[in-house]
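Please read the structure below before turning to the comments.
Atom set for the values below is all heavy atoms of this structure, side chains included, hydrogens, waters and symmetry mates excluded. Here is the naming used below: chain letters follow the sequence lines, and residue numbers restart at 1 for every chain.
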Amino acid sequence: MPELPEVETTRRGIAPHLIGRRITSVVLRRPDLRWPIPPEIGELLPGQRIEDVERRAKYLLLHTAAGSALLHLGMTGVLRVLPADAPVGKHDHVDLGLEAAATGARVLRFTDARRFGCLLWQAPGATHELLENLGPEPLTDDFDGDLLWRMSRGRTAAVKLFLMDNAVVVGVGNIYASEALFAAGIDPRRAAGSVSRARYARLAAEVKRILAWAIERGGTTLRDFINPDGMPGYFVRELQVYGREGEPCRTCGTAIRQVVLGQRSTFWCPRCQK
DNA sequence: ATTCTACCCTGCAAGC
DNA sequence: TGCTTGCAGGGTAGAA
């Protein structure tokens, strides 16, 4: 489900409801997510005030003085701020009760049909091991074409898989990898080590442009993604190649093709991308 | 070190 | 209508 723009959209949606607010209760209905939810979350979070809501890669961190809740949405995870008495659905695995404000009692609810997401605990001052060994954020100056070029030397894997490697750069998932490679005119099957420095400069610029634009549009909704207000993202209208196999390229009219790389569907224009 | 495969789980759409 | 199959914005573990 969510790539960086969808997670950032989620962060922006929930943060105003959470920052400065105290957590009153923790309900763990199904702790068996990707990894078991550590029980101490239920003991340590109640009474804590949420100081900040941070995104790192596709993870969200709810920071408190006692430690931080580390959340990942997996493929189908959704976070919403709801009235405390909102009916509980089959896949509503976690509720964090929030102290009442002018809008009444609320809960932050984590819903995840496939349970590929996780809720873990990070001790104060520590960095969770899942956050170690992550590459730079794509929307910062730490990420650029030279980084891609340097890291790709000698690598034989397809450039699309290289771009989706979280040790290279974080947040670029299956949709935006195809989109960025189309925008940069690079064949996704090409060996990462065979792409020139100049073309990586173009690719890095297109990654930044597309992710920033997608955040503005509230992310991409294919089927599951909704933001914390229950609304879909509208970037799907802007997709140039993803999901468009057999349809004409919006640039040259050639039929978009599909291939599987690393067990993920990949879309590209055989004329525009070399 | 890098690369490749299998796997985690549920829901939905397409095909028969 | 019902069954089967394949596919889905994620990432890790373990093997080669």
On a whole-Å scale, what distance lies between the [atom1] atoms belonging to [N] and [M]?
N: B/dC9; M: C/dC3; atom1: P; result: 24 Å
N: C/dG11; M: B/dC12; atom1: C1'; result: 22 Å
N: B/dT5; M: C/dC7; atom1: P; result: 15 Å

- Crowded around A/Arg271 CZ? As in, over 12 foreign heavy atoms under 6.0 Å? no
- Message: Please give me the minimum heavy-atom distance between A/Glu179 and A/Gln240, naming the atom from each residue.
- Response: OE1-N, 2.7 Å
Rounded distance in Å - [atom1] ([X]) to [atom2] ([N]):
X: A/His72; N: C/dT12; atom1: NE2; atom2: C1'; result: 11 Å
X: A/Phe225; N: B/dG11; atom1: CZ; atom2: P; result: 20 Å
X: A/Arg155; N: B/dT3; atom1: CZ; atom2: C1'; result: 9 Å
X: A/Glu245; N: C/dA8; atom1: CD; atom2: C1'; result: 15 Å
X: A/Gln263; N: C/dT12; atom1: CD; atom2: P; result: 15 Å
X: A/Leu131; N: C/dT12; atom1: CG; atom2: P; result: 10 Å
X: A/Gln258; N: C/dC7; atom1: CD; atom2: P; result: 8 Å
X: A/Trp35; N: B/dC9; atom1: CH2; atom2: P; result: 14 Å

- Counting side-chain heavy atoms from CB outward, which of B/dT3, C/dA8, B/dG11 is closest to A/Thr156? B/dT3
- Stacking between A/Phe116 and the base of B/dC8 (centre distance under 5.5 Å, interplanar angle under 30°)? yes
- Message: For A/Leu45, run the side chain to side chain contact (heavy atoms under 4.5 Å, CB included) check against A/Thr24, A/Leu62, A/Val26 and tell me which one passes.
- Response: A/Val26
- Message: Counting the atoms with a prime plus P, OP1 and OP2 as sugar-phosphate, which does A/Arg223 contact under 4.0 Å by heavy atoms, base, sugar-phosphate, or nothing?
- Response: base
- Message: Categorize A/Asn166 for me: base, sugar-phosphate, or nothing, with a 4.0 angstrom heavy-atom threshold over every strand shown.
- Response: sugar-phosphate
- Task: May I have the step-by-step check of salt bridge (charged side-chain N to carboxylate O under 4.0 Å, His left out) for A/Asp165 and A/Arg155, ending in yes or no?
- Result: CA-CA 12 Å; A/Asp165 182 347; A/Arg155 293 185 62 158; 3.3 Å; yes
Is the distance from OP1 or OP2 of [N] to the nearest side-chain N or O of [X] less than 4.0 Å?
X: A/Arg264; N: C/dG10; result: yes
X: A/Lys90; N: B/dT10; result: no
X: A/His91; N: B/dC9; result: no
X: A/Thr76; N: B/dT10; result: no

- Going by the angle between their ring planes, with limits at 30° and 60°, are A/Tyr176 and A/Phe235 parallel, tilted or perpendicular? tilted
- So which one's nearest nucleotide on DNA chain B is more toward 5', A/Gly262 or A/Arg114? A/Gly262
- DNA chain B: 5'-proximal contact among A/Met151 and A/Arg115 (nearest heavy atom): A/Met151
- Task: Find the partner of B/dC9: check Watson-Crick (N1-N3 plus N6-O4 or O6-N4) and G-U wobble (N1-O2, O6-N3) distances, both under 3.5 Å, and reply none if neither fits.
- Result: none
- Message: If the threshold is 4.0 Å, N to carboxylate O, is there a salt bridge linking A/Arg29 and A/Asp92?
- Response: no
